[in-house]
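One structure below.
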Amino acid sequence: MPLKTWIIALNTENPTALELKAVLEREQFDVEISPAVDGRKTMPTLQPGERMNQTLALIHRRAKLTSSEVGCYLSHYRLIRKAFDEGLSHVALFEDDVVAEEGLGEVMRNILKLGEEAHLVRLMSLKIRKRKIVQPLTGTFNLVRPVRGALGTQGYILNREGMKRILKAGSTIYMPIDSFYDSFFVYNFNCFTVEPHAIYELGDTSNVKKMDGGIDKRLWVHVGWRIYKLFRSVMRKWHRAIHP
């Protein structure tokens, strides 16, 4: 089976998720709605091979991860691990608040034809930042490579090499999942996106609570954050130099 598609939902009867499932099934994709890891009330229990480092979280953004951020992270990470363990060549993950644009099925099928270097392809992104058009995917949609992160995990496709790299780099949790993907230049995986967007987000209030208590203003946290920002800047420039 080359591609498995999961829609991540806290409520598996969510009408938007059910409609997306129906659209994808009409395009002949194998689709399931997967219950999300619920971190809204308490910190999720980690499984073997999963670690959390709140000290690194402080250095990354001067705030610890919230339980809902960890739940969101694990919802994605565990499905990627499941897809890899099942020997899949590709996995598509969607969140439950997105709607398909016309042409999504063709875009997904053409992403499956890309080479091994296309580790992760977002079907939409929340920010439009400096990027480079790589190639057309269809008559309407293009594959683009962002220079900086584009934010969001609303929908994306990973190939097997992308799964492998994310599972290796992402077993220690210290940033939100979309920030982890936006750190592709640190972890040496290739991140692309589709323009114009092949899906769109309905814009309902997110279940992911961010930054309990705001920014930590202790001196060691600020110094560590500054050093880490410099490191990321160097790694981003290096990645861009080898991927012009």
Side-chain angles (χ1 to χ4, degrees), residues 1-8 20-21 23-25 27-32 34 49 72-95 98 100-101 103-125 131-138 140-171 177-199 235 239-240 242-244:
M1 186 187 305
L3 174 70
K4 177 70 179 186
T5 300
W6 279 295
I7 301 168
I8 300 167
L20 178 61
K21 181 175 184 288
V23 169
L24 292 169
E25 286 177 336
E27 293 286 345
Q28 305 301 308
F29 293 112
D30 179 12
V31 191
E32 290 183 24
S34 175
C72 180
Y73 189 108
L74 291 173
S75 297
H76 289 260
Y77 185 81
R78 288 175 182 174
L79 286 176
I80 294 169
R81 184 171 62 199
K82 180 178 174 65
F84 188 82
D85 289 346
E86 291 181 359
L88 300 178
S89 66
H90 293 79
V91 62
L93 298 181
F94 291 88
E95 295 185 346
V98 300
E101 294 279 17
L104 172 62
E106 184 182 7
V107 168
M108 292 175 64
R109 284 187 287 271
N110 286 337
I111 289 173
L112 300 183
K113 299 174 185 177
L114 297 175
E116 186 179 276
E117 71 279 359
H119 299 153
L120 184 155
V121 181
R122 279 180 166 123
L123 297 166
M124 70 162 286
S125 53
R131 68 270 189 218
K132 177 182 177 181
I133 295 177
V134 177
Q135 67 182 71
L137 285 171
T138 72
T140 303
F141 298 94
N142 293 310
L143 183 73
V144 304
R145 181 193 288 273
V147 175
R148 300 173 65 94
L151 291 179
T153 53
Q154 287 75 21
Y156 57 95
I157 294 176
L158 289 166
N159 67 13
R160 188 157 183 83
E161 181 61 26
M163 294 182 230
K164 179 180 177 181
R165 296 189 185 204
I166 286 171
L167 290 173
K168 179 180 179 181
S171 60
I177 187 68
D178 59 345
S179 296
F180 173 56
Y181 291 164
D182 283 345
S183 300
F184 57 87
F185 47 84
V186 175
Y187 299 111
N188 193 31
F189 56 85
N190 298 325
C191 184
F192 299 88
T193 191
V194 173
E195 288 187 13
H197 298 162
I199 57 176
M235 293 300 294
H239 190 272
R240 186 179 179 185
I242 62 178
H243 299 286

Kindly give the heavy-atom pair with the smallest separation between [X] and [Y], and that separation in Å.
X	Y	result
Met163	Leu88	CE-O, 3.5 Å
Val23	Ala100	CG1-CB, 3.9 Å
Gly115	Asn159	O-ND2, 3.8 Å
Cys72	Ile177	SG-CG2, 3.9 Å
His197	Glu101	O-CG, 3.5 Å
Ile111	Leu123	CD1-CD2, 3.8 Å

Fill in the blank from the handout: Taken in chain and number order and not counting sequence neighbours, the residues that satisfy salt bridge (Lys or Arg N to Asp or Glu O under 4.0 Å) with Arg131 are Glu195

Problem - Partners passing salt bridge (Lys or Arg N to Asp or Glu O under 4.0 Å) against Arg109 (at least two apart in sequence or in another chain) - result: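 For Arg109, the residues satisfying salt bridge (Lys or Arg N to Asp or Glu O under 4.0 Å) (neighbours in sequence not counted) are Glu27.
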
Problem - Validation row: Met108, Leu24 side chains within 4.5 angstrom (heavy atoms) - result: yes

Handout entry: Glu116 with Arg160: basic N within carboxylate O range, under 4.0 Å
Key =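 No, this pair does not count.
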
Show me, pair by pair, the donor-acceptor contacts under 3.5 angstrom made by side chains of residues 186-193, not counting sequence neighbours?
from, atom 1, to, atom 2, distance (Å)
Tyr187, OH, Tyr174, OH, 2.2
Asn190, ND2, Glu117, O, 2.9
Thr193, OG1, Arg122, O, 3.4

Handout entry: Atom CD1 of Ile242: over 12 foreign heavy atoms under 6.0 Å
Key = yes

Handout entry: Sidechain-backbone polar pair: Tyr77 side chain, Leu167 backbone, donor-acceptor under 3.5 Å
Key =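 Such a contact is found between Tyr77 side chain and Leu167 backbone.
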
Exercise for the section: Return the orientation label for the Phe180 and Tyr73 ring planes: parallel under 30°, perpendicular over 60°, tilted otherwise. Expected result: tilted

